[in-house]
Amino acid sequence: MSDAIVELGSEPVIQPPVDRGPTTRRGAGVWVRHNLFRTPLDGVLTVVFGTISVVVLYKVFTFVFLTGRWEIIRVNLQLLMIGRFPAAHVLRLAVTVVGLAAWGGLIAGLISGRRARAGTARRLPLRRRAADLIGRFWALALVVLYLLVLAGTPGPWIMVGLALAAALVTRIAGGWLGRRRPNRAITVGLALLLAAIPPGLYLYVLAGLGFDEWGGFLLNLFLAVCSIVLCFPLGVLLALGRRSGLPLVRWMCTVYIEIIRGAPLFVLLLLANVALGFFVPTTLAPEKATRAIVVFTLFTAAYMAEIVRGGLQSIPRGQIEAAKAVGLSPVRQTVYVVLPQALRNVIPAQIGQLISLFKDTTLAGIAMGLFELLNVSSAITAQEAFRGQGLIGETITFAALMFWIVAFTMSRESQRLERRLGVGTR
Amino acid sequence: MSNDGEMSEQTGAVFNDATAMSGDGAPMIELEHVDKFFGDFQALKDINLKVATTEVVVVIGPSGSGKSTMIRCVNRLEEHDAGRIVVDGTELSNDIRNIAEVRRETGMVFQSFNLFPHLSVLDNITLAPRKVRKLPKAKAEELGMELLAQVKIPEQARKYPGQLSGGQQQRVAIARALAMRPKVMLFDEPTSALDPEMINEVLDTMKDLALGGMTMVVVTHEMGFAREVADRVVFMEAGQIVEVGPPEHFFTAPQEERTKRFLSQIL
């Protein structure tokens, strides 16, 4: 071994810098030898896994850029994204996307404005902020760009452009509002507005239309968002109930959690699809999508409850004693002291569960026949133009990309949230 | 109280009469025949103690002697099994309203600070006044800043507990307890978890509080503090109060054999 390589053994001795003379350089060769071929075993591992990686990358590359026949995706893009949503009402979806962007921008602005007022904001120059945004959303942006290019019509471009513009405008407006100390009426009005926007948009999109016309990735996203929003409070309540001092409440929550966790999600979806007809007249039974949301909510809530319970148990007894000692009632001890810390401690597990829920929405396609992305992906391979050509690989890959990009963004954002909430606490 | 008159005449002879108070006025805390069990283990045996308004009582004794358990019974962090505990005229029973009432009147400072790590220093202090006393936010923050000035760390208001030193955290904990304007302050070994160089800043804060007329019960190993600030010193061993007396008598002329042994070990 050459002198240039400092042995990184187990002993924490700091070696004095070796005079390598004018000719030795730490070039690529040194790095490779040091990191990939330090011992014979390292060498073997490097060769084996290097070969596998190269082969896999080569296969993926040729599939994506050479042998893959992506025409089927381009032709069926609308079907994949929104299913058989009536063409006459697609504009509603565009308005909803822009509306949600504006809503998100307003919330982000208000939060940052309040931070600035409280003096806890991080002040970043514009360039750093842009870099921050790119770091957070580059993957999502790339996929959206890909979809826009694939769509080829101006409509989606206009929608995305308007959505970005709306988010930017409301972000600035929200920041301005948040920095002020508004009077009570304005605060309450703003809160009501923020709470009313999502359900309002929901009613607007669905006015006169049934769920059964929804489909594609839109349906996956909708099922996931509704179930996430509903399962979270239910899960927290179940977790608190399982630790309740009232035996009846504790017992009921435990039974619920154990029964639901013991049943496969697929079976529950099948039950909701088939068995509900035995109990409820078909005219009264809710639409399939609604049933799916109910099942996903009830199922995930049981898991969330156990995750949250773990978080509750991680809070030291001293915290509750301190909360008692300053005179907080049991409810306030939970709301202001225990829950905020417990929920923060289990963010990774919670997000993991929610990502899992999002991906499980594909089960609703198989178990209930809902026309969601995976179902569309296999159905379109039977179209006349593409039948018998073995294009399932292409369509499934596309579906996988859609799920991956959302799950990846959720995961990254949760890590960011975790860092943010961890400010100065450890 | 009828005790007051008797006391002044027999100051020298009341060492073992824990119910005799020094200081003035009505008793703020009364413990009568208090027993406390943890399973089969009896943590408190027939505890009798009265603490007068504005009095500072320091409780010392070997570890496991029941000192902490005793003051934790006073604000019902532990439930006593027998006897009576009355705080400012309110008797602790299973009535939740009485427990809430007593907790509003007593502030407590813990060995391990127990600040709320997810809240800023100022929010730690204002939480209870806002949620329990229903003080508006602006008023509560004004009060919070006042208290931070009183414990001499107003510049830390916006930081989080994890960013402060141990001594600073404990002073925030004192400010938090004071924010409910309690009539009694309970200190459970407030300096035991601190690095030596930070002990004095906390003890000084407590001295200021005592000089300001706060009624205090302090469990501590700081004999200097006991000697200087206490009106009475209580020595506990094996769940019992062994000896009670003003510090000048207690440290120089202890009556009980067990007290002498303990003092010889630590002094």
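Within every chain, numbering begins at 1; the chains are lettered A, B, ... in the order of the sequence lines, protein sequences first and strands thereafter.
Sorted by first and then second residue, the salt bridge (Lys or Arg N to Asp or Glu O under 4.0 Å) pairs involving residues 73-90 of chain B (not counting sequence neighbours) are B:E32-B:R84, B:R72-B:E78, B:R76-B:E79, B:R84-B:E91, B:D88-B:K183.
Options B:V109, B:N114, B:L164, B:I96 differ in how many heavy-atom pairs under 4.5 Å they form with chain A, and the most are formed by B:N114. Between chain A and the residues B:E101, B:K131, B:R104, the most heavy-atom pairs under 4.5 angstrom are made by B:K131.
Across every non-hydrogen atom of B:L77 and A:E321, the tightest pair is CD2-O, 3.9 Å. Considering all non-hydrogen atoms of both residues, A:A325 and B:F110 come closest at CB-CZ, 4.0 Å. The two residues A:P340 and B:H118 make their nearest non-hydrogen contact at CB-CD2, 3.5 Å. Of all non-hydrogen atoms in A:A322 and B:F116, the two that sit nearest each other are CB-CE2, 3.9 Å. Between A:L328 and B:A128, the shortest heavy-atom distance links the atoms CD2-CA, 4.3 Å.
Using a 4.5 Å cut-off between heavy atoms, B:L186 does not touch chain A at all.
Within a 6.0 Å sphere centred on CG of B:L211, other residues, nucleotides and ligands contribute more than 12 heavy atoms.
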